[in-house]
Amino acid sequence: MKNLQAVSKKEEENIVLQFIDGEGFDHLLEQTIKILQGAMLFGCVPFFIYLLILIFS
């Protein structure tokens, strides 16, 4: 039973390492960057414009 668990653990580690080395991780990073850019454009920029209007009016 322990041998089966060890093999399963090794297989899980290999799957994780393949994900990090492969295209999956690159795709995940691309999606994360797109989400963060969207948050900046639709969250931070309007707030900055609001602050500028508030300061100069």
Side-chain angles (χ1 to χ4, degrees):
M1 188 70 174
K2 288 184 180 182
N3 192 18
L4 181 62
Q5 289 176 345
V7 170
S8 297
K9 194 170 190 176
K10 285 285 188 186
E11 288 177 6
E12 288 178 13
E13 289 175 2
N14 286 339
I15 291 171
V16 171
L17 289 175
Q18 286 175 355
F19 176 76
I20 291 173
D21 285 340
E23 293 290 322
F25 192 67
D26 291 338
H27 183 68
L28 179 68
L29 288 178
E30 284 180 22
Q31 293 299 321
T32 304
I33 289 172
K34 286 180 184 178
I35 291 170
L36 290 175
Q37 285 176 343
M40 279 184 359
L41 287 176
F42 297 111
C44 298
V45 172
F47 183 68
F48 181 69
I49 292 170
Y50 167 75
L51 288 178
L52 287 177
I53 292 171
L54 192 66
I55 290 171
F56 291 116
S57 64

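Fair warning: this is a prediction, and the values are worked out from it, not measured in the lab. Atom set for the values below is all heavy atoms of this structure, side chains included, hydrogens, waters and symmetry mates excluded.
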Applying side chain to side chain contact (heavy atoms under 4.5 Å, CB included) to Leu52 and not counting sequence neighbours gives Phe48, Phe56
Grouping ILVMFWY residues whenever side-chain heavy atoms fall under 4.5 Å, the cluster of Tyr50 otherwise contains Phe47, Leu51, Leu54
If you count every heavy atom of other residues, nucleotides or ligands that lies below 6.0 Å from Glu23 atom CD, does the total exceed 12? no
Across all chains, not counting sequence neighbours, the side chain to side chain contact (heavy atoms under 4.5 Å, CB included) partners of Phe42 are none
Tracing side-chain contacts under 4.5 Å among Ile, Leu, Val, Met, Phe, Trp and Tyr outward from Leu17 reaches none
With sequence neighbours left out, the residues meeting side chain to side chain contact (heavy atoms under 4.5 Å, CB included) with Glu30 are none
For Ile33, the hydrophobic cluster (side chain heavy atoms closer than 4.5 Å, chained through members) also holds none
Heavy-atom nearest pair, Phe25 first then Ile20, reads CB-O, 3.5 Å
